Amino acid sequence: MITPAQYGETSWELGVQVDEKEGVESMRFKLRVAGDLHVGGLMLKLVEKISESSYEGFIFIFLALQADADLRYTPQHKPLLLQLPNMKTIKINVCFSSMVFKTVADICRQLNIRRPEELSLLKPPDDPSKKKKKKDKNSPQDDIFDIWDSANGGPGGTGSFCDPPGPMYSKTMTATYDENGMPMSATSLWFGENPLAKCQPNLPPAELAKMFEPLSLVDKATNNAGWLDSSRSLMEQDVQSSDRLLLRFKYNVFFDLNPKYDAVRITQLYEQARWAILLEEIDCTEEEMLMFASLQYHICKLTMSSEPRDNANEPEVDEVEAALSNLEVTLGGSHTDKFLEDITDIPQLADTLRLFRPKWLTLRPYKEYWFVFKDTNISYYKNKEASSGEPIEQFHLRGCEVVPDVNVTDKKFGIKLLIPVADGMNEVYIRCDNEMQYAKWKAACILASKGKTMAYSSYKSEVKNIHSFLQMKSLAPPPGHAIPDVDAMEMNAESFVSPRYAKKQKTKQLTTRILEAHQNIAHLSLMDAKMRFIKAWQSLPEFGIKYYIVRFKGSKKDEILGISYNRLIRIDMSTGLPVTTWRFANMKQWNVNWEVRQVMIEFDQSVSIAFCCLSCDCKVVHEFIGGYIFLSTRSKDQNETLDEDLFVKLTGGQE
């Protein structure tokens with residue numbers, strides 16, 4: 001027994017705030033505790049104090065616990081306003097104490113999105129115009145987009161989103177997986193009523209114009225700083241209940257896209273690509289803008305039609321046939337880039353092309369030469385007869401940038417090559433005569449930039465994809481196809497292009513051009529049209545590049561660092577032009593000095609770089625590099641179980 005005075009010396013009072021469900025005011029309690037009381041005992045005391053037994057799943061938030069500490073007893077799962085790639089916002093309960101990587105995986109499981117490792121959460125950029133005044137609940141943004149309260153089972157529904165799905169998500173929409181983690185049946189057959197698998201209608205031009213804001217590279221760098229740290233929890237990153245976050249495809253390597261299993265995933269990918277085009281988050285030419293507009297019009301038209309979903313009409317794949325196909329892939333090697341033939345018999349290209357060197361002083365910009373593409377190099381000669389001797393010049397394409405310089409309408413089929421040299425990038429333009437010649441040479445250049453030759457099996461499919469992309473860009477209707485009467489069409493053409501582009505065209509003229517382009521893709525099914533849109537998006541030169549402002553070691557000026565799925569790009573901030581490219585394939589190791597927040601990377605041939613991040617914490621860039629390396633380890637012969645430990649090892653850092 002101890003006296004009251006002694007008890008006061010060995011114990012103290014703690015203030016505890018107990019968070020309640022949304023709409024219920026939180027409670028505060030004072031608890032007297034001793035130094036030997038563990039957290040579990042404190043939780044028991046608190047539950048006895050409030051006489052409730054429904055506080056399972058709550059956690060304590062505290063750091064160094066002292067006598068004057070103020071504790072917070074809060075639920076692990078809280079509501080979050082989550083804006084999906086289609087710009088719709090849902091209210092969803094998520095775990096605030098798990099690391100973001102796990103939280104995103106759980107969100108994707110609830111939304112039936114496969115490959116959650118490709119997505120992450122992004123804090124929306126601050127709007128300077130709204131800093132001085134409190135946000136109005138009836139702001140234009142909320143007027144434009146409905147809020148789906150999934151915590152109540154969707155519009156008019158009941159129940160928790162973590163509970164068995166309500167009216168919005170029926171039980172038949174829950175994926176079932178085999179022992180290897182693969183879906184056991186086609187998810188496309190369960191999504192008839194799922195709004196996430198249905199494309200959203202295009203906004204009226206006036207509403208679209210409100211959202212449009214031209215973005216410089218610096219603006220893009222600022223926006224990309226908002227990615228959450230995947231190895232830390234929402235609570236650790238100061239995310240509060242009912243905060244708004246963006247769910248986006250972060251890593252632009254979309255593995256194993258399968259219409260049979262990925263109805264929601266493909267639709268949300270399409271939506272993210274569509275908004276990137278409409279808001280000009282990625283640059284495209286006028287011809288490409290019309291191609292994307294025609295695909296949007298076609299998809300919108302099919303989505304709004306009363307015809308049954310095209311997924312239901314797709315032939316079922318025989319399970320035995322599918323198993324034999326998988327066995328064939330396994331026996332033949334799981335890597336898609338296997339050699340077609342012996343390495344001693346690598347295909348070559350040889351043809352008459354035209355060359356232009358911007359740094360050369362010449363009155364005739366393009367001049368004809370005889371070009372030979374062998375291995376990963378391009379050589380050119382005065383003519384075909386001279387090709388048995390030494391070339392005029394040879395270009396080594398490993399690590400180069402391949403940029404299209406194409407206008408199908410004007411019959412312009414050019415390839416711009418940015419070739420790494422000691423003092424930067426060597427700029428070369430090559431002009432082809434026709435679509436097929438362009439497709440073959442560009443495909444060879446793309447493979448060579450990755451250190452691969454035309455002997456790889458992906459060469460033929462690359463040629464096919466490039467040629468198909470060119471055909472879609474053609475604005476001339478196929479022979480025998482008449483253009484519909486524009487005056488009789490109910491089309492709001494300005495809804496399918498960016499506001500800046502819409503200002504350049506009269507409505508009738510724009511409608512005519514979209515309908516002309518539509519004739520080339522009018523035969524596509526809904527799913528095929530979405531896939532074509534995604535592939536065309538992937539074909540754009542700027543696709544998948546995230547920009548950050550950095551200061552390279554030894555440099556006195558700020559520069560832009562572009563991070564893509566296979567390379568890093570050093571970009572001049574004033575001109576926006578690439579200076580140097582480093583490929584992940586040539587990376588030997590990378591480290592972070594957490595004390596000075598500096599990223600250091602070592603490449604082959606004794607090339608080393610170091611830089612500090614100015615527009616974000618270096619952890620954001622470190623996670624992108626590690627994340628892309630993690631995704632490169634995936635293969636189709638693996639199941640869908642994520643190697644969480646490897647992801648954390650590559651992206652988490654040693655802070």
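Being a predicted model, the structure only gives us computed values, none of them experimental. FYI, side chains are in, hydrogens and waters are out, and symmetry mates aren't considered; it's all heavy atoms of this structure.
- The line from CZ of Phe611 to CG of Leu568 is 6.5 Å long, rounded to the nearest 0.5 Å.
- Residues forming a ring-ring contact (aromatic ring centres under 6.0 Å, His included) with Phe395 (at least two apart in sequence, or on another chain): Tyr380.
- Relative ring orientation between Phe101 and Phe647 is described as parallel, the plane-to-plane angle staying below 30° on a 0-90° scale split at 30° and 60°.
- For the pair Asp572 and Lys557, the salt-bridge criterion is met [side-chain N within less than 4.0 Å of a carboxylate O].
- A donor-acceptor contact closer than 3.5 angstrom links the side chains of Gln394 and Ser379.
- Between Lys412 and Tyr438 there is no side-chain heavy-atom pair separated by less than 4.5 Å.
- Between Lys220 and Glu542 there is a salt bridge, since a side-chain N of the basic residue sits under 4.0 Å from a carboxylate O of the acidic one.
- Closest heavy-atom contact between Met600 and Val592: CE-C, 4.2 Å.
- To the nearest 0.5 Å, atoms CD1 (Ile415) and CD1 (Ile430) are separated by 6.0 Å.
- Between Tyr429 and Phe356, the ring planes lie tilted relative to each other; the angle falls in the 30° to 60° range.
- Looking only at side-chain heavy atoms (C-beta outward), Ser615 and Val620 stay at 4.5 Å or farther from each other.
- The closest side-chain heavy-atom distance from Cys612 to Val596 is not below 4.5 Å.
- Considering only heavy atoms from C-beta on, Leu269 comes within 4.5 Å of Leu257 through its side chain.
- Side-chain N or O atoms of Glu368 include none that pairs as donor or acceptor with a backbone N or O of Thr352 at under 3.5 Å.
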Please step through side chain to side chain contact (heavy atoms under 4.5 Å, CB included) for the pair Leu217 and Ile571, ending with a clear verdict.
CA-CA 10 Å; Leu217 284 179; Ile571 302 171; 4.1 Å; yes
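- Note on ring orientation: taking the six-membered ring where Trp is involved, the planes of Phe584 and Tyr628 are tilted (angle from 30° to 60°).
- Within the 3.5 Å criterion, the main-chain N or O of Ser98 finds no donor-acceptor partner in the side chain of Arg232.
- Remark: the backbone N or O of Asp229 is paired with a side-chain donor or acceptor of Gln237 at under 3.5 angstrom.
- The two residues Gly399 and Pro420 come nearest to each other via the heavy atoms O-CG, 3.3 Å.
- With Tyr366 as the partner, the side-chain hydrogen bond (donor to acceptor under 3.5 Å, both in side chains) test is satisfied by one option alone out of Arg354, Arg357, Arg431: Arg431.
- In this structure, SG on Cys613 lies 10.0 Å from CD on Gln598, to the nearest 0.5 angstrom.
- Other residues, nucleotides and ligands contribute only 12 or fewer heavy atoms inside 6.0 Å of the NZ atom of Lys440.
- With Lys530 contributing its side chain and Glu271 its backbone, the two residues share no donor-acceptor pair below 3.5 Å.
- For the residue pair Asn258/Arg265, the side-chain donor-acceptor check at 3.5 Å is not satisfied.
- Using bins of under 30°, 30° to 60° and over 60° for the plane-to-plane angle, the ring pair Trp537/Phe254 lands in the parallel bin.
- A donor-acceptor pair under 3.5 Å links the side-chain atoms of Gln268 to the main chain of Asn86, judged by distance alone.
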Trace of the side chain to side chain contact (heavy atoms under 4.5 Å, CB included) decision for Leu121 with Leu247
CA-CA 5 Å; Leu121 299 176; Leu247 179 68; 3.9 Å; yes
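- Between the side chain of Ser632 and the backbone N or O of Ile629, at least one donor-acceptor pair lies under 3.5 Å.
- Separation of atoms OG1 (Thr376) and CE (Met454) is listed at 10.0 Å; rounding is to 0.5 Å.
- Two residues are said to be in side-chain contact when any heavy atoms from C-beta on lie closer than 4.5 Å; Phe469 and Lys535 fail this criterion.
- In this structure, Leu196 and Asn112 have side chains that are not in contact, with every pair of non-hydrogen atoms separated by 4.5 Å or more.
- Ser608 and Glu602 get closest at one heavy-atom pair: OG-CG, 3.8 Å.
- We find that Lys416 and Asp405 are not joined by a salt bridge, their nearest charged nitrogen and carboxylate oxygen being 4.0 Å or further apart.
- Met527 and Ala263 make their closest contact through CE-CA, 4.5 Å (heavy atoms, listed as atom of the first residue, atom of the second, distance).
- Annotation for Lys102: atom NZ does not count as buried by contact number, only 12 or fewer foreign heavy atoms lying within 6.0 Å.
- Judged by distance alone, the side chain of Arg532 and the main-chain N or O of Leu524 form no donor-acceptor pair under 3.5 Å.
- A donor-acceptor pair shorter than 3.5 Å can be found between the side chains of Asp219 and Ser216.
- Atom CD1 of Ile569 sits about 9.5 Å away from atom CG of Leu418, to the nearest 0.5 Å.
- Applying the side-chain hydrogen bond (donor to acceptor under 3.5 Å, both in side chains) rule to pairs touching residues 560-570 yields Glu401-Arg567, Glu559-Arg570, Ser564-Arg567, sequence neighbours excluded.
- A donor-acceptor contact shorter than 3.5 Å links the side chain of Arg583 to the backbone of Ser449.
- Scanning both residues, Gln437 and Asn434, for their nearest heavy atoms gives N-OD1, 2.8 Å.
- At distances below 3.5 Å, not a single donor-acceptor pair connects side-chain atoms of Thr267 with backbone N or O atoms of Val264.
- Between Tyr548 and Ala221, the shortest heavy-atom distance links the atoms CA-CB, 3.8 Å.
- Salt-bridge check for Lys452 with Glu462: failed, with every basic side-chain N at 4.0 Å or more from each acidic carboxylate O.
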Worked verdict on Cys400 versus Thr581 for side chain to side chain contact (heavy atoms under 4.5 Å, CB included)
CA-CA 7 Å; Cys400 78; Thr581 296; over 6 Å; no
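- Checking each of Leu245, Leu246, Asn224, Leu228 against Leu122 for a side-chain contact (heavy atoms from CB on, under 4.5 Å) leaves exactly one that passes, namely Leu246.
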Working for side chain to side chain contact (heavy atoms under 4.5 Å, CB included), residues Val253 and Phe255:
CA-CA 6 Å; Val253 278; Phe255 185 70; over 6 Å; no
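- How far CG of Leu561 is from CD1 of Ile549: 11.0 Å, rounded to the nearest 0.5 Å.
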